[in-house]
There are 2 protein chains.
Amino acid sequence: MSSTRTPHVPAAPGSASIRDVAERAGVSVGTVSNVLNRPDIVRAATVERVHAAIRELGFVRNDAARQLRAGRSTTIGLVVLDVRNPFFTDVARGAEDEAAQDGLSVVMANSDESPEREAAHVDYFETQRVLGLLMSPIGDMGERLERLRAAGTPAVLVDRTAGTRALSSVAVDDVEGGRLAARHLLGLGRRRLAFVGGPLGLEQMRDRLAGAREEADAIPDARVEAVETPGLGFADGRRAALELLARPAGERPDAIFAGNDLVAIGVLQALMGEGSLRVPEDVAIVGYDDIDFASAAVVPLSSVRQPRERIGQTAVRILREEAADPSIEPRQVVFKPELVVRASTVGRG
Amino acid sequence: MSSTRTPHVPAAPGSASIRDVAERAGVSVGTVSNVLNRPDIVRAATVERVHAAIRELGFVRNDAARQLRAGRSTTIGLVVLDVRNPFFTDVARGAEDEAAQDGLSVVMANSDESPEREAAHVDYFETQRVLGLLMSPIGDMGERLERLRAAGTPAVLVDRTAGTRALSSVAVDDVEGGRLAARHLLGLGRRRLAFVGGPLGLEQMRDRLAGAREEADAIPDARVEAVETPGLGFADGRRAALELLARPAGERPDAIFAGNDLVAIGVLQALMGEGSLRVPEDVAIVGYDDIDFASAAVVPLSSVRQPRERIGQTAVRILREEAADPSIEPRQVVFKPELVVRASTVGRG
DNA sequence: CTCAGTTATTGTAACGATTCAGAGTGGTCC
DNA sequence: GGACCACTCTGAATCGTTACAATAACTGAG
């Protein structure tokens, strides 16, 4: 062996390994690794020499090897329903900030409300042996995620309460959000409410609707009609609003509670544009999420705000704990939403 | 050695390795690997036996080990300026679809227009030894990307022409886009155009403005005034529009060309809302990007469309070629934009 | 001068998948 | 019956990093 020691080629430009660094600095690979991971146990002069070699060779740690050895990566996978939705980007931001404190990274994948894409992303993250998964699932992932958890990859549901006690989740009380919105509208004297959002297959949507109905049921002549949309985009809101406009004026709702702000803005524009209705005089509108757009809409939008960044932060914190100790009990955290009142319900001043 | 052969523990639930699979199926690890990678050279019965073992053990390939051996990952890193911008998510979509054809994955990172975050993401992807990088850089990444390329990690600039011949890029001809928009507005008889967008430090913005001016210069009494905004959001458009509204009516432009659709929608809302102006009668508006919102605005927006998904596709295709053959010449692809005419310039019907 | 006790460094065995030279089997052809 | 081929499969080496036991070099204490 020692007679045929490999010359270990000069190494392509940027692909120096720890071994090249060791050779250059005149130390062993173990020492280089120590400089990288526990510099405190290495003599200062040696640390300096190794750093010099690293700089000269442009050495960059190979994370694949590191992971292989460690068994786990230091990346957290985040699968969101829709990257375009500011709600999720804010959650992502909160998660990233929290993760960065521990030197963890967050990478984002977009399922775009497609169960197939979602499954593909989870597959990918599984092969990557990510530290854990943060997800707002579209399909029924419960069983799969429990299996993953058992296999050492914890998952935390985001913006969804776990259907099972076996998984952690960080969500916002959507029933309460629905109550807040409806209570506000009812308090303004509106009686014919419509909930515009969907698909109602989404738990969040069902809960918001249920909360609203709960409030309306407490008032004799009040009711909440459900206008289901296939998605939660801008265009879905428009379409739903056009449907409502097609009705005789007397049968239209006098208040609309939208499944999210994008839908609300779509509704708003269609009602004011095509419908020439006045908001809030003819119809009051409450959105959900309180995205930036909400306050900047033609008529600033009243909306139910969720602590988005805190959701991301909390989810990462739980994930970290579960990754460190798999036997820990799953936790379900539920935040309270908050109503932000603007001109779309109370007019000016 | 053979006397002390490791019992190789039953393996924790989901963490079976290729070795466990081999043992279970009664074949060698090499065969399992072949079943995974070149099933055609393995006897059908063996393939079936191995697959059964895989299913029984819930085996999932460890990508870190795979990468380590291969030297490169099969993941493409995508760093975008702003995940919320539908332009980038569409580019991402195009990239993902193209990549998926080759079994490659795309992961997205958001620099949020911060050079620090951008650098951190590039660092991360570098340690990951990604197959390549797709990015719309904010800071001056030229030098760094050239070094990465030399080290075997090609990068393709997206939505930006490379400042250097040493890097590939896929962009859209923004000067032409500016020409299209201005030509259209001038053709409608408008003479006092305003370009609303910015910051003008962004190459894209300068080019669009330059294209518009080029057209206007060909017509005696036409001119294009630049109204610079600090960013490209909704609110930036609103603010700029309010400024214009503050002027005496005679000094207001009769047509506005916005740096992107978000700005255009902000302008639109402020002009119609606060300003009570009619669009397009009093002021015609052309946006840029043709995002979904554009066609769904209060007044559907005329806009300059860029082939977003094709940009992503093309970028991946170039990246793949460069990854396969590092000596290949960098290419600069420039697509032509296209004008989509809607009610914000030509009114109804 | 030896021995214990630090402190700094080395060398090597993993981690899991892939690759590739080689071995075993069976069939065909002369 | 031997040579040759095709087809399957095996087993070991390898990728770059980390952890850990072993060693080396020194410092005082007795």
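When reading the values below, keep in mind they use all heavy atoms of this one structure, side chains included, and skip hydrogens, waters and symmetry mates. The chains referred to below are lettered A, B, ... by the order of the sequence lines, with proteins before strands, and numbering in each begins at 1. Just so it is clear, the structure is predicted and the values come from calculations on it, not from any experiment.
Atoms CG (A:Leu68) and P (D:dA19) sit 13 Å apart, rounded to a whole Å. In this structure, the CZ atom of A:Arg61 is 17 Å from the C1' atom of D:dC15, given to the nearest Å. Atom CZ in B:Phe59 sits about 14 Å away from atom C1' in C:dC15, given to the nearest Å. Taking atom CD of B:Gln67 as the reference point, atom P of C:dT19 lies 14 Å away to the nearest angstrom. Rounded to whole angstrom, the span from the CG atom of B:Asn62 across to the C1' atom of D:dT17 amounts to 14 Å. Taking atom CG of B:Asp63 as the reference point, atom P of C:dC15 lies 19 Å away to the nearest angstrom. One can place CD1 of B:Ile54 at 12 Å from C1' of C:dA17, the figure rounded to the nearest angstrom. Atom CZ of A:Arg129 is separated from atom P of C:dA17 by 7 Å (rounded to the nearest Å).
One finds no side-chain N or O of B:Arg69 lying less than 4.0 angstrom from the OP1 or OP2 phosphate oxygen of D:dA13. Within the structure, every side-chain polar atom (N or O) of B:Arg19 is placed at least 4.0 Å from both OP1 and OP2 of C:dG16. In this structure, B:Thr46 reaches the D:dC9 phosphate: one of its side-chain N or O atoms is under 4.0 Å from OP1 or OP2.
Take B:Ser114 and apply the side chain to side chain contact (heavy atoms under 4.5 Å, CB included) test, not counting sequence neighbours, and it matches B:Glu116, B:Arg117. Judged as a side chain to side chain contact (heavy atoms under 4.5 Å, CB included), and not counting sequence neighbours, the contacts of A:Arg49 are A:Val27, A:Thr46. For B:Glu56, the side chain to side chain contact (heavy atoms under 4.5 Å, CB included) test picks out B:Arg24, B:Ala52, with sequence neighbours left out. When the side chain to side chain contact (heavy atoms under 4.5 Å, CB included) test is applied to B:Ala155, the partners found at least two apart in sequence or on another chain are B:Leu133, B:Leu145.
Put simply, the residue from A:Arg317, A:Arg331, A:Arg149 that forms a salt bridge (Lys or Arg N to Asp or Glu O under 4.0 Å) with A:Glu322 is A:Arg149.
Residue whose closest nucleotide on DNA chain D sits further toward the 5' end, between B:Ala65 and B:Gly26: B:Gly26.
Residues A:Ser33 and A:Asn37 have side chains that bring a donor and an acceptor to within less than 3.5 angstrom of each other. For the residue pair A:Thr153 / A:Arg72, a side-chain donor-acceptor distance below 3.5 Å is found, with atom types taken as modelled. Between the side chains of A:Gln128 and A:Thr75, not a single donor N or O lies within less than 3.5 Å of an accepting N or O.
Shown for residues 30-44 of chain B: residues whose heavy atoms fall under 4.0 angstrom of DNA chain D, namely B:Gly30, B:Thr31, B:Val42, B:Arg43.
Side-chain atoms of B:Val27 lie closest to D:dT10 of the nucleotides D:dT10, C:dT10, D:dG16.
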Find every protein N or O atom lying less than 3.5 Å from an N or O atom of nucleotides 4-6 of chain C, and list the pairs.
none

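In this structure, A:Leu134 and A:Leu319 have side chains that are in contact, with non-hydrogen atoms separated by less than 4.5 Å.
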